[in-house]
Colleague: 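Below is the structure I would like to discuss, written out as structure tokens.
Values in this document were obtained by computation on a predicted structure and should not be read as measured data.
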There are 2 protein chains.
Amino acid sequence: MIKTKCKDILRNGQQVVTQSRCDVLCILSKSQHPMSVAELKQTLGKSSPNVVTIYRMLESFLDKGIVRRVPLRSSEALFEFTGFGDHHHISCIECHKIEEVDDCAVSGALKNALKKSNKFASITQHTFELYGVCKECTKKK
Amino acid sequence: MIKTKCKDILRNGQQVVTQSRCDVLCILSKSQHPMSVAELKQTLGKSSPNVVTIYRMLESFLDKGIVRRVPLRSSEALFEFTGFGDHHHISCIECHKIEEVDDCAVSGALKNALKKSNKFASITQHTFELYGVCKECTKKK
DNA sequence: TTCACAAATGCAACTCATTTGCGTTTATGA
DNA sequence: TCATAAACGCAAATGAGTTGCATTTGTGAA
């Protein structure tokens with residue numbers, strides 16, 4: 001994802017375009033896995049804005065649907081760029097490697113769930129996260 | 001769920017049986033929705049053990065698979081009794097009401113996911129959580 | 001029933017992710 | 001170019017969850 005693209009995304013989301021915001025979005029859009037705030041800061045390195053700024057930025061991106069919060073770890077939040085469409089994650093319980101998996105019948109499950117519910121009118125969001133053991137870690141044992 | 005039943009569950013899970021542990025498990029097993037530590041403490045009222053004790057207890061229950069951690073809120077962990085088998089949740093983004101929904105094709109999605117992955121050998125756990133607007137809140141608007 | 005030991009508990013202090021307040025700087029669009 | 005709203009940095013606060021340690025209690029063997 002090139003910088004100009006990031007700027008467009010920010011503008012479309014009515015976001016003020018600053019260097020920091022471009023940098024963060026750029027990193028997220030290139031990342032193969034959801035990232036924590038700490039990881040973002042580290043990747044940004046010396047040119048990183050204040051942690052607080054990253055938090056506020058992500059909050060703002062979340063509002064506009066530019067990023068999404070992934071509930072894979074209970075200790076810290078992970079964020080990923082939404083532009084790649086819907087997919088899910090398998091996380092290794094040994095080495096914490098994360099692999100992405102695409103839709104795989106979840107949309108069907110969603111419709112089903114709504115049909116079965118008698119209290120809900122709509123489903124606006126969902127998370128489907130898997131935990132397992134990767135082949136590497138399986139081999140080690 | 002009656003007290004004796006809770007004791008049995010604890011014993012089967014090689015858990016030391018104490019009053020506090022019975023109380024917590026009893027409350028969880030009666031609850032219609034996953035509960036936070038704070039909520040548990042409040043429900044236990046005056047006879048509640050120290051918060052730290054509740055944390056350690058739940059940690060221990062998690063180990064033995066007696067309870068499960070539900071990632072519905074990012075700010076605090078929710079716990080639910082596993083004895084009722086597998087199901088999922090829809091949480092209202094307005095009023096935070098939680099409804100339980102049963103399996104609805106998720107197991108199929110799981111098999112599918114594993115088949116598509118080329119890095120993972122097994123899936124040991126999964127979460128499927130839905131967010132939406134309940135009928136009540138829809139009406140209000 | 002008794003006894004020793006491992007496990008549970010309480011308390012205080014700590015860690016660490018995330019939030020808030022506030023004064024300053026910067027992007028935006030008129 | 002200028003006014004204003006938003007972003008930013010810093011410091012301090014919050015709040016969930018953890019850790020160390022001394023004390024109590026449940027458990028299984030004698």
Colleague: Determine whether Glu80(B) and His89(B) satisfy the following criterion, side chain to side chain donor-acceptor pair (under 3.5 Å), listing intermediate values before the conclusion.
Modeller: CA-CA 11 Å; Glu80(B) 74 180 359; His89(B) 306 93; 2.8 Å; yes
Colleague: To the nearest Å, how far apart are Glu76(B) CD and dG15(D) C1'?
Modeller: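 That distance rounds to 10 Å.
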Colleague: Closer to the 5' end of DNA chain D via nearest nucleotide, is it Gln15(A) or Val16(B)?
Modeller: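 Comparing both residues, the 5'-ward one is Gln15(A).
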Colleague: Where along residues 33-61 of chain A does a heavy atom fall under 4.0 Å from DNA chain C?
Modeller: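 Val52(A), Tyr55(A), Arg56(A), in order of number.
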Colleague: For the residue pair Glu99(A) / His88(A), report whether a side-chain donor-acceptor contact shorter than 3.5 Å exists.
Modeller: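 The answer is no; no qualifying pair exists.
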Colleague: Over how many whole Å does the gap from Gln14(B) atom CD to dG26(D) atom P extend?
Modeller: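 That distance rounds to 19 Å.
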Colleague: So, does Tyr55(A) use its side chain to make a donor-acceptor pair with the main chain of Asn50(A) at under 3.5 Å?
Modeller: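 Flag not set: sc Tyr55(A) to bb Asn50(A) has no pair under 3.5 Å.
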Colleague: State which residue, out of Cys137(A), Cys134(A), Ser91(A), fulfils the side chain to side chain contact (heavy atoms under 4.5 Å, CB included) condition with Phe120(B).
Modeller: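 Among Cys137(A), Cys134(A), Ser91(A), the one meeting side chain to side chain contact (heavy atoms under 4.5 Å, CB included) with Phe120(B) is Cys134(A).
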Colleague: Over the length of the helix from dT1(C)-dA30(D) to dA30(C)-dT1(D), how much do the five-pair end axes diverge, rounded to 10 degrees?
Modeller: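 Both end axes considered, the difference amounts to 50°.
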Colleague: If each of Leu78(B) and Val17(B) is mapped to the nucleotide of DNA chain D with the nearest heavy atom, which maps nearer the 5' terminus, i.e. the 5' end?
Modeller: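 Upstream on the strand: Leu78(B).
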Colleague: Donor-acceptor pair, distance only, cut-off 3.5 Å: does the side chain of Arg21(B) make one with the backbone of Gln15(B)?
Modeller: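 Not confirmed, Arg21(B) side chain does not pair with Gln15(B) backbone.
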Colleague: Tell me what Ser20(A) touches on the nucleic acid: a base, only sugar-phosphate, or nothing, going by heavy atoms under 4.0 Å.
Modeller: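 Touches sugar-phosphate only.
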Colleague: Please answer whether the main-chain N or O of Val17(A) pairs with a side-chain N or O of Lys7(A) as donor and acceptor at a distance below 3.5 Å.
Modeller: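 Answer holds: no.
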Colleague: How long is the line joining CG of Asp63(A) and P of dA6(D), in whole Å?
Modeller: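 Answer to the nearest Å: 13 Å.
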Colleague: Counting only N and O atoms by type, is there a donor-acceptor contact under 3.5 Å from the side chain of Ser117(A) to the main-chain atoms of Leu114(A)?
Modeller: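 Judged by distance alone, no pair lies under 3.5 Å.
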Colleague: In whole Å, I'd like the distance from the CZ atom of Arg69(A) to the P atom of dA17(C).
Modeller: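 Checked: the CZ to P distance equals 15 Å.
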Colleague: Look at the side chain of Ser31(A) and the backbone N and O of Ile27(A), then say whether any donor-acceptor pair between them is shorter than 3.5 Å.
Modeller: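 Such a contact is absent between Ser31(A) side chain and Ile27(A) backbone.
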Colleague: For Gln42(A), I'd like to know if atom CD has over 12 heavy atoms of other residues, nucleotides or ligands within 6.0 Å.
Modeller: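 Result for CD/Gln42(A): open.
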Colleague: Take the protein atom CD of Gln19(A) and the nucleotide atom C1' of dT26(C), then report the distance between them rounded to whole Å.
Modeller: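 These atoms are roughly 13 Å apart.
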Colleague: Side-chain N or O of Thr18(B) less than 4.0 angstrom from OP1 or OP2 on dA7(C)?
Modeller: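 So the side chain of Thr18(B) is outside the cut-off, no N or O lying under 4.0 Å from OP1 or OP2 of dA7(C).
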Colleague: For Leu10(B) and dA8(C), what is the distance between atoms CG and C1' respectively, to the nearest whole Å?
Modeller: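 Answer to the nearest Å: 12 Å.
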